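Take a look at the structure below.
Below, chains carry the letters A, B, ... as their sequence lines are ordered, and counting in each starts from 1. Here the structure is a predicted model, which is why all the values come from computation and not from measurement.
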Amino acid sequence: MPYFGSEETVKELKRALSNPNVQADRLRYKSYITKVIRYMTQGLDVSALFMDMVKASATVDIVQKKLVYLYMCTYASDKPDLALLAINTLRKDCADPNPMVRGLALRNMCNFRMPGMTEYIEQPIVAGLRDKASYVRRVAVLGCAKMHSLQPRTEIDGSLVNELYALLRDPDPVVVVNCLRALEDILKDEGGVVINKPIAHHLLNRLKDLDCWAQSEVLTFLLRYRPRNDDELFDILSLLDPFLQSSQSHVAISTLRLFLHLAAAHPAVQADALLCSSAPLLATCGAASRELRFAGLCHIQQVMRSQPALFNTHYKRFFCGYSEPSYIKFRKMEILVALVNDENVALVLEEMKSYCTDVSAELAQAAIAAIGRIGRTYSEKCLDILTGLLALKQDHITSAVIQTFRDLVWFCPQCTAAVCLTVESCVDYPQDSEGKQALLWLLGEHADQISSAPYLLEVYIDGLKTELSAALKMEILTAALKMFLRRPAETQDMLGRLLHYCIEEESDMCVRDRALLYYRLLQRGIEETRKVVTGPKSDPSLSVLTSAQEEPVSQWVSIFNTLGPLSAADLQLHNTALSASEHTDDTADTELLTEHVPVSMRDVSEAGVSLCAGAAVSPEAFEQMWQQLEVLQRQTVCFSGCAADTLQSALQPVHIQTLAFSPARALPWRAYIYSRGSGTLVLAELLQDDPEMLTVTIKQQPEHQQTVTAFISVLQSVLQTLNTGQMSV
Amino acid sequence: MIHSLFLINNVGDLFLEKHWKSVISRSVCDYFFEAREKAGEPDNVPPVIRTPHHYLINIYRDKIFFVSVIQTEVPPLFVIEFLHRVAETFQDYFGECSETTIKENMVIVYELLEEMLDNGFPLATESNILKELIRPPNILRTMVNTITGSSNVGETLPTGQLSTIPWRRAGVKYTNNEAYFDVVEEIDAILDKSGTTVFAEIQGVIDACVKLSGMPDLTLSFMNPRLLDDVSFHPCVRYKRWESERVISFIPPDGNFQLMSYHISAQNLVAIPVYVKQNISFFESGSSGRLDITVSPKQTMGKVVECVVVTIHMPKVVLSASLNATQGTYKYDPLTKILVWDIGKLNPQNTQKQPNLKGSLSLQSGAPKPEENPSLNIDLKIQQLAISGLKVNRLDMYGEKYKPFKGVKYVTKAGKFQVRT
């Protein structure tokens, strides 16, 4: 912070602090110290006063001590040699009769972040652990963790750890929790604090004495414990029961997570717990703080994955208020879409309709996309609304509606006729690239049902020279070709012009290549072209997936009450809503690789985990990891073998990398593959010692069950595709 | 857990930082500023922001962003609630939680933050424990302190932390023993154009101020406890007794605390105390619009509706408003586009002359007619009435010999009360 006269100020303060007259007057002395602190908090560098401040710490006045300690902690790392002088005073204070002073001194001494502190603080900390005042013990316990973090690489002191484990039995609840926190920090490399049966039961019994923050943390620690048998499990659950209804929402939700985790084998108990906590969850959604409301909504979304009906009667609570922030509105819309049923559909749609004219364009578009998703089940009502929106003649609305139309036609072919009619009579066309692409797709795919299609397309072809987006140009090419196959007489001329322009004058390589490809394809003959270009017009099987499907609780419980679902804000919505680019990819895939049916990319995204290749893993690193890690899963798959490069090229598109494989026809035949997803690395070995069977062994670091499930499902579908491919050959 | 805290005002100035572990450079806030810019309005900043090495969890309150830096996985609600607790503590100590008061009381703020968290873990967050550690500033005490040189820091350890009942300190003594309960209900509702209820619910709390000597054991019972289906209690309440007998039995903390909160969502139980007739329309030509709003009381059970304020967020194109109010005053702020009509009391007797606001709006010339209609936010207050009909039956005290003064007060307010046009 630029500060005029800062040197002057510091000099003046220095003079004042060293003035014996000031020092004699307690009040004046303290007011100067307060001034120093004030300057410090404003960002002024007052480290030059260190010596004078150290002197000021020798006082009986606790406030003054506090202020000076605050000062010392801030500057200790800058002036380690001077800070050593202060340590003497602090150590003396650690033996003060007043526990408050002892605690303060110890805490601040531990907060000095400078090398070589350990030797000075070790002894006071150990003494502090046995102090009779709980305040000092609390500080000392955390001090152990701080001491460890000063020298993270040193050997862990076994006796200290044992002492901390013993202090878990301390009568003071805060000491107990601090012990857990400290042990967790110190033993981080060994997997954190160990929760065995006596500790777990001790903590459970003490739970009601703790403050709400500590309760929440202890509940998280208890996730590590696995009860031995059902009797013990139900004992634990009945102890936890009252906390499900805690007035602090974070405690209630932490309890719910533990509940779901412990009762993994008892779905009925899980369902009961979810029912029980639906009230606190809903209450969080009505909290005064918008951040809490948001978190509550995210959690409800998770719960709805397995119990979609739980909140059916409360759908009105997810109606958006006018002044709510957009991130809440997005979530509420997603929830509303999931809650739609025969009874409330009219009301929900009416409500959604009012969001479509929201001031924020992004929100309006999301609302339109949401109506589109409801339309997959209740197409008639939604089409009416969407058509009505076109009459508003707002660019962003028109664009979103057209995109929604495209998705609707793809998912439920029965709306095609109505959509085509609307597009036909539409007067205002989208202006942005995404919307144009959607319109072009509709025109190309359903040219036979839109009588004016060629004229519409001609406008785009004529305006091609001024068009900037390459994706749009490609879409125009595809649409023109498709239209040509259906209505050759009207399109032939413009397709010719288009191909000529794209091949001769276009500077974008991708567009030119696409044009060349189509040109050569046409040279092969119309029938050949038709076989390649026209794919299926819709995929109704997909819409089944979008209707509410009950997932098992285990699918999401591992990320319940974590930061993941909250920070992935509105990702999901955008994915499903306005994914024009993805769509073109899809169609491109179906066009060009008809044999390779888009290899289950969808299965992956459904599981909520997507794989990515990430950085390459060197063979040495792979080998080392493979030897270190434990086998996570072993599975046999039907597979009759294939050439190694076929396998490699089939795995590449689904982001699985092949590291090494044994020569073809060798028995046993082995291949090593890996992939990444959700921040974890999945390693797998494919072993074939029987001509028909393949054993897949999976290891992972760090463990994440969902990724493994996703990985296996992808792998299986790839292998299956290869199998069928071979049979047909 | 919570690694660092940054306070940022709504203009984007970082005015306070506190680190509980190692110092994290301010540059981490750049991710926040990026999100802030993307969000447009400060309200729209997402609460959880992911950065390559940290998570930033923020809350926006009283025009201040409380941005916390998190390095390990934590339950998100935990952090959000903690940040709110920090803001509430500031409010409690300084009367209001604003940039100016925080800057004025910088030293106390640092002391508080130091006590509330140690090494990133929540330490002392209960207001009455904190107040024993660090005394809140007030004018009188500041003067006394400057004269006598005494401090605003407690010289002794808080006693409450060590008693068997952690929320109550031992050896409490009062000359006047009194226990007051405030039943406060807020109506959250959305009404549609025609005045029918789209959605309504009541959020209720019972705040208590208990100043009783010794270790009193209190029992509070209601006339109609069946009304309450969704309740949560202060940790001092014995939940088992509520489940079996529907009475609230507890040893109270000393001083002010929130005894319970509840929630009533059955629509037939939620009475809407006012009736709003409105008509806001914009004309296609002539860049003007018309506004006509009438507010009248309805279902108030004979009580007077007070402090009625209607707030309307106008579309951006509305330049000014020339209106006529038959009761109260109105104000249109062309900068924020907010029209506020402060009506005051609604008179239940005079049904002929209901408060009415009527007149024309002038729009920016040439701009298209606004697409959406603004909605009305209503604020109101009804004294001596809990709109749900909840009534306290009696309060009994056991365990102590004296006779306390007892009192119950009811008040109903509008929460998120909105009328669509």
Nearest 0.5 Å, please: how far is [atom2] in [Y] from [atom1] in [X]?
| X | Y | atom1 | atom2 | answer |
| --- | --- | --- | --- | --- |
| A/Glu184 | B/Met1 | CD | CE | 9.5 Å |
| A/Cys110 | B/Asn119 | SG | CG | 9.0 Å |
| A/Ser289 | B/Arg61 | OG | CZ | 8.0 Å |
| B/Glu115 | A/Lys66 | CD | NZ | 4.5 Å |
| B/Leu77 | A/Ser216 | CG | OG | 8.5 Å |
| A/Glu351 | B/Phe199 | CD | CZ | 10.5 Å |

For a quick test of your reading: what N or O donor-acceptor pairs under 3.5 Å do the side chains of residues 235-242 of chain B make, sequence neighbours left out?
from: B/Arg238; atom 1: NH1; to: B/Asp217; atom 2: OD1; distance (Å): 3.1
from: B/Arg238; atom 1: NH1; to: B/Ser249; atom 2: OG; distance (Å): 2.5
from: B/Arg238; atom 1: NH2; to: B/Asp217; atom 2: OD2; distance (Å): 3.1
from: B/Arg241; atom 1: NE; to: B/Glu245; atom 2: OE2; distance (Å): 3.3
from: B/Arg241; atom 1: NH2; to: B/Glu245; atom 2: OE1; distance (Å): 3.1

Query raised in the report: Checking A/Leu292 against chain B: side chain, backbone, both or neither under 4.5 Å from a heavy atom?
Result: both
Query raised in the report: Is chain B contacted by the side chain of A/Thr220, its backbone, both, or neither, given a heavy-atom distance below 4.5 Å?
Result: side chain
Where do [X] and [Y] come nearest, in terms of heavy atoms and distance?
| X | Y | answer |
| --- | --- | --- |
| A/Tyr327 | B/Val45 | CE2-O, 3.0 Å |
| B/Ile190 | A/Cys320 | CD1-O, 4.0 Å |
| B/Ile59 | A/Glu291 | CA-OE2, 3.3 Å |
| A/Ala287 | B/Lys416 | O-NZ, 3.8 Å |

Determine the option with the most heavy-atom pairs under 4.5 angstrom with chain A, choosing from [options].
| options | answer |
| --- | --- |
| B/Met106, B/His19, B/Glu73 | B/Glu73 |
| B/Ala39, B/Pro76, B/Gly40 | B/Pro76 |
| B/Ile49, B/Leu83, B/Val74, B/Val231 | B/Val74 |
| B/Glu81, B/His263, B/Gln418 | B/Glu81 |
| B/Phe15, B/Phe233, B/Tyr55 | B/Tyr55 |

Query raised in the report: Got a donor-acceptor contact below 3.5 angstrom from the A/Arg290 side chain to the B/Tyr60 backbone?
Result: yes
Query raised in the report: Can you tell me if A/Arg107 uses its side chain to pair, donor with acceptor, with the backbone of B/Glu114 under 3.5 Å?
Result: yes
Is [X] close to chain A through its backbone or its side chain, or both, or neither, when contacts mean heavy atoms under 4.5 Å?
| X | answer |
| --- | --- |
| B/Leu16 | neither |
| B/Phe78 | both |
| B/Asn58 | backbone |

Query raised in the report: Taking A/Ile37, A/Leu67, A/Leu142 one by one, which has the highest count of heavy-atom pairs under 4.5 Å against chain B?
Result: A/Leu142
Query raised in the report: chain B: which of A/Pro280, A/Ser149, A/Ala279 shares the most heavy-atom pairs with it under 4.5 Å?
Result: A/Ala279
Report task. Begin from the C-alpha positions of B/Asp118 and A/Arg181 and carry the test salt bridge (charged side-chain N to carboxylate O under 4.0 Å, His left out) through to its verdict. Result -> CA-CA 11 Å; B/Asp118 189 7; A/Arg181 293 161 171 167; over 6 Å; no
Query raised in the report: Does B/Glu88 CD have over 12 foreign heavy atoms under 6.0 Å away?
Result: yes
**Report entry** Basic-acidic side-chain contact under 4.0 Å: A/Arg317, B/Asp188
**Finding:** no
